[in-house]
**Q** 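Sharing a structure with you now.
Every number for a ligand or one of its atoms is a count from 1 in the order of the listing. When reading the values below, keep in mind they use all heavy atoms of this one structure, side chains included, and skip hydrogens, waters and symmetry mates. Just so you know, residue 1 is the first one in the sequence shown, and it goes up from there.
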Amino acid sequence: MTARQRFRSAHHTGAFWAQVENDRVVGVAPFEEDAAPDLDAVAAWPEAAHAPHRVARPSVRRGWLKRAEKNGRIIPQGLRGEDAYVELPWDEALDLAASELARVRRDHGAPAIFGGSYGWSGAGRMHHAQGLTRRFMWALGGCTGQVTNYSYGAGMTLLPHVLGSNEAVMGMGTDWRNIAEHCDLLVAFGGLNAKNWRVQSGGFGQHAFGRVAALLDGAKTRVLNVSPLRSDTEGVAAEWLPIRPGADAALILALAFVVQDRGAEDTGFLASHVEGYAPFRAYLRGETDGIAKTPEWAADLTGIPAAEIAELANAMIGARVMLTATWSIQRADHGEQPYWALIALASMLGQVGLPGGGVFFGYGSMGGIGGARYRTPLPGLPVPVREGDLRIPVARVADLLLNPGETLHYDGKAHEYPDIRLVYWAGGNPFHHHQDLNRLRRAFQRPETVIVHEPWWTATARHADIVFPATIPLERDDIGGTSRDGYILSMERAVPAHGEARDDFAIYSALADRLGAGETFHEGLDADGWLRRLFDEIGSELSWRGINPPDYETFRAEGFFKLPEPAERHDLMADFRADPLGKPLRTPSGRIEIFSKTIADFGYADCPGHPVWIAPREWAGTAGAYPLHLLSNQPKDKLHSQLDGFGPAQDSKRDGRGELLMHPDDAAARGLPDGAVVRVFNDRGACLAGLRVSDGILRGVARMPTGAWFDPDLSDPSAPERHGNPNVLTRDEGTSKLGQGCSAQSCLVEVEAWTAPAPRVQAFDPPRLVPAED
Ligand SMILES: Nc1nc2c(c(=O)[nH]1)N[C@H]1C(S)=C(S)[C@@H](COP(=O)(O)OP(=O)(O)OC[C@H]3O[C@@H](n4cnc5c(=O)[nH]c(N)nc54)[C@H](O)[C@@H]3O)O[C@H]1N2
Ligand SMILES: Nc1nc2c(c(=O)[nH]1)N[C@H]1C(S)=C(S)[C@@H](COP(=O)(O)OP(=O)(O)OC[C@H]3O[C@@H](n4cnc5c(=O)[nH]c(N)nc54)[C@H](O)[C@@H]3O)O[C@H]1N2
Ligand SMILES: [Mo]
């Protein structure tokens, strides 16, 4: 028995130590600088790192090996997602993949390859699988790619038109210290989620939510949780204003109505900083559509009494107000509207750019937001984009695969979907993240070849023809960190690679060498060479800013480098507020565009020229459809689908399945006791879940966290998915032609008792491996 060793590592849920014995991960321990360590999401590493469902060797789908050509298309045998695999030596599998990439490029051109590869993968900046995929595709001469993200795709397409940049959704926001000092009323649509603060892309050194909660606790700030879920402000002293999901834009318009009805607009600010208030005001008053957006009008839509709406509006007038919404609010049909409406309301109140006031999106969505602006430099390998390559919004992936030749309308442009022959994915799990998974399964049958790199046999790996076993972060050196936290983190190789797994970088280097693009992809460097180059870049950037970085060896020996905390306390858009002519926004008018002529000229019925209320195509107000509104929010105990099946993520399940939360009245009406196994269904699909009953959720709403590994019953297409993956139920339609974002939150279902014996969850059983046939 060798002595226990420890190695530094990082996950998107924070820095930690991995404890190792005999080349196996046996435990995790907190990062010594973290005052509030939180290891739940990485506690499963000892089991997950050595799990039987790690991919051990390059594996090729049996039916794909028997493919044949028919009418100019390669038709594999068998179905993706159901087939057995043949393990092959690396060289043979790499040759197969390289010749497929070459064939598709030669016969059908670069657009026939889809290499968007959305997903989070590991925290390290060097071994970032999605970035490496895109760099590899660029080196090969391009592909059809992806833009935006699942997180805030609609928001990030809208905001440049309205505010001239994405800072209000992607940036740091106004500093919490200024909020605590100046803000009277913080209205949080979707809450301020402590659970979401457990995550920051790239890893971080300090869990900071406790500090934010303490700041608010000691402040005069009244915090309002406008959400269907009480727990959205867990850990913060807040009032709960339950709202029907999808109705936020109606509430915001009614608040704006009251403000103008009382003549309480900040007319000076509107005159100097805002474009197009007049048509919006006319709309609020019903002058354009005959419907005044009064509190009475909004009461029916939101489920909030008119008097409460009027009272809230009155509380905003004359107060320092911060308006914020989580990212989930725009992951809904017409998700652009509540964001735009909130900007309009903050502008009418004249709050934009004031200390501790204004508007920002995401205080409740990810760790570190509103903290000190470290701007920590953390470069990865450059990811150049080839001009002219089509890049679809990420959430349109199934449309792309299913509908070649059809038109995609997006942000003022029209594109034709190409005929995708080859899909390449590394570092993402579309069979976790995408909507309407039964539709995605059909979409994944269309390409001629699917290639995936994965450490585990996820549903995405099982839908691939060639699966390359990828290492996990604990099996390689890297550098972690995020711009929202001051730590640059050394990540160390703690254990040898599982089986024959290789780094994504090594796999792409081997393929690029075979395809004559090696030098372009790897520039003659191995992973260690790149790490040193990246650290040099970090060092130059820091020196330029007057910060003294260590050399590479010292950094590795010390295990992290902490940047000095910046003194500045940021207020979003304060510069613009102070000098609207000298520091105009990058909008056509240079001002906040409550009316955007650019958007109006796109002529989209689902996103006109100013914020409006358009009822979601699927929500509580939809007659005749299913009665319960299903929200699928981010899971508390894990990151997306990562490390599912073990440890705290497993403990939080009910009967080993994803949890469905429901109000006691809704459960009683269906005769469902707490803890029951239930079937959740609509026209798109069905899944099983474990019921939890609580009055912390609005009546008529149900909630399932995302992340349960997709577990369809292959023997019976009518059987429910077994594990509780809500994406068998969600809608796969864009938010609007403008943003084309994910609209997962607009989803209706029904729930009933599952009376048959509950089937065993099989998501973690590896697929059948079979010998090669001659
Ligand atoms: N219904 C519903 N759906 C949603 C959402 C929602 O709110 N509701 N939220 C959406 C959002 S915001 C997001 S960001 C997405 C997240 O969706 P994803 O980012 O796709 O989810 P992850 O589970 O993080 O997937 C990462 C995958 O990378 C693999 N991986 C880890 N390390 C490595 C590596 O080094 N190399 C390789 N090759 N692979 C690796 C992991 O095993 C895992 O399968 O989900 C979206 N889906
Ligand atoms: N623990 C953990 N944290 C995470 C992640 C994770 O997987 N696990 N993922 C990270 C990622 S990639 C992202 S993008 C962010 C996402 O951050 P968010 O999108 O903010 O996260 P969610 O938990 O999906 O949504 C927050 C809350 O919004 C409320 N909500 C949903 N729909 C509505 C609505 O129509 N109206 C109102 N008023 N409220 C609504 C729900 O009650 C939900 O709990 O989280 C990040 N943080
Ligand atoms: Mo996300």
Side-chain angles (χ1 to χ4, degrees), residues 12-13 40-41 48 117-124 127-130 132-133 149-153 188-191 193-201 225-232 241-248 251 325-332 335 338 361-367 394-395 425-435 452-456 458-461 468-473 475-476 503-504 507 616 619 629-644 697 701 703-707 709 725-727 729-730 742 744-747:
H12 301 292
T13 56
D40 263 16
S117 195
Y118 181 83
W120 273 55
S121 70
H127 293 287
H128 183 250
Q130 182 190 33
L132 294 172
T133 308
N149 57 32
Y150 281 83
S151 314
Y152 41 69
F189 291 83
N193 270 276
K195 73 173 175 64
N196 289 348
W197 273 64
R198 297 174 116 177
V199 168
Q200 288 189 52
S201 167
N225 173 25
V226 186
S227 170
L229 267 191
R230 184 166 55 208
S231 62
D232 280 337
L241 182 63
I243 185 171
R244 197 170 279 155
D248 303 271
L251 172 59
T326 48
W327 297 338
S328 53
I329 306 245
Q330 55 80 69
R331 280 201 295 285
F361 305 101
Y363 280 121
S365 301
M366 194 160 301
V394 288
W425 219 299
N429 191 358
F431 282 89
H432 149 64
H433 70 229
H434 196 58
Q435 288 54 67
V452 164
H453 304 183
E454 250 296 336
W456 292 275
T458 59
T460 301
F468 289 121
T471 52
I472 56 174
E475 295 164 351
R476 58 200 185 214
D503 301 345
D504 296 292
I507 300 169
W619 79 310
H629 194 126
L630 181 76
L631 295 179
S632 45
N633 64 351
Q634 304 293 33
K636 182 173 181 178
D637 298 294
K638 59 176 180 280
L639 174 68
H640 312 141
S641 71
Q642 295 191 31
L643 309 195
D644 189 28
I697 188 165
V701 183
R703 190 284 311 265
M704 293 182 73
T706 62
W709 281 29
N725 184 318
N727 275 327
L729 303 158
T730 50
C742 157
Q745 308 306 337
S746 303
C747 174

**Q** Restricting to salt bridge (Lys or Arg N to Asp or Glu O under 4.0 Å), what partner residues turn up for Lys636, sequence neighbours left out?
**A**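 Testing Lys636 for salt bridge (Lys or Arg N to Asp or Glu O under 4.0 Å), a comparison that skips the adjacent residues, returns Glu234.
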**Q** Between Lys638 and ligand 2, which part of the residue brings a heavy atom under 4.0 Å of the ligand: side chain, backbone, both or neither?
**A**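 Looking at Lys638 and ligand 2, just backbone atoms fall under 4.0 Å.
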**Q** Pick one of side chain, backbone, both or neither for how Asn193 approaches ligand 2, counting any non-hydrogen atom pair under 4.0 Å.
**A** side chain
**Q** Check each heavy atom of Ile472 against ligand 1 and say whether those closer than 4.0 Å belong to the side chain, the backbone, both or neither.
**A** neither
**Q** Below a 4.0 angstrom heavy-atom separation, can you tell me which part of Trp120, side chain or backbone, both or neither, approaches ligand 2?
**A** side chain
**Q** What do you reckon, does Ser227 put a non-hydrogen atom under 4.0 Å from ligand 2?
**A** yes
**Q** Checking His12 side chain against Ser121 main chain: does a donor-acceptor pair fall under 3.5 Å?
**A** yes
**Q** Check each heavy atom of Ala247 against ligand 2 and say whether those closer than 4.0 Å belong to the side chain, the backbone, both or neither.
**A** neither
**Q** Using a plain distance cutoff, I'd like to know if Arg244 has any nitrogen or oxygen under 3.5 Å from a nitrogen or oxygen of ligand 2.
**A**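 No: no nitrogen or oxygen of Arg244 is under 3.5 Å from one in ligand 2.
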**Q** For the residue pair Tyr118 and Tyr150, is the inter-centroid distance of their aromatic rings smaller than 6.0 Å?
**A** yes
**Q** If you measure from CZ on Arg244 to CG on Leu251, what distance do you get to the nearest 0.5 Å?
**A**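 Interatomic distance, Arg244 CZ to Leu251 CG, rounded to 0.5 Å: 12.5 Å.
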**Q** Quick one: does ligand 2 sit under 4.0 Å from the side chain of Ile329, the backbone, both or neither, non-hydrogen atoms only?
**A**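 It is the side chain that touches ligand 2; the backbone stays farther off.
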**Q** Of all residues at least two apart in sequence or in a different chain, which pass the ring pair (Phe, Tyr, Trp, His ring centres under 6.0 Å) check with Phe468?
**A** Trp90, His453
**Q** Among all protein heavy atoms, pick the one closest to atom 15 (C) of ligand 2 and tell me residue, atom and distance.
**A**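 The closest heavy atom on the protein side is Ser365 O, 3.2 Å.
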**Q** Between ligand 2 and His12, can you find any atom pair, the residue atom being a heavy atom, that is separated by under 4.0 Å?
**A** no
**Q** Is any N or O atom of Ser632, backbone or side chain, closer than 3.5 Å to an N or O atom of ligand 2?
**A** no
**Q** Please state whether the rings of Tyr152 and Trp327 are parallel, tilted or perpendicular, taking 30° and 60° as the class boundaries.
**A** perpendicular
**Q** Between ligand 2 and Pro635, is the shortest N or O to N or O distance under 3.5 Å?
**A**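 So ligand 2 has an N or O lying under 3.5 Å from an N or O of Pro635.
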**Q** Just to be sure I read this right, does ligand 2 sit under 4.0 Å from the backbone of Asp248, its side chain, both, or neither, counting only heavy atoms?
**A**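 For Asp248, the contact with ligand 2 is made by the side chain alone.
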**Q** In the protein, what heavy atom is nearest to atom 32 (N) of ligand 1, and what distance, to one decimal place, separates them?
**A**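 Here the nearest protein heavy atom works out to Gly122 N, 3.5 Å.
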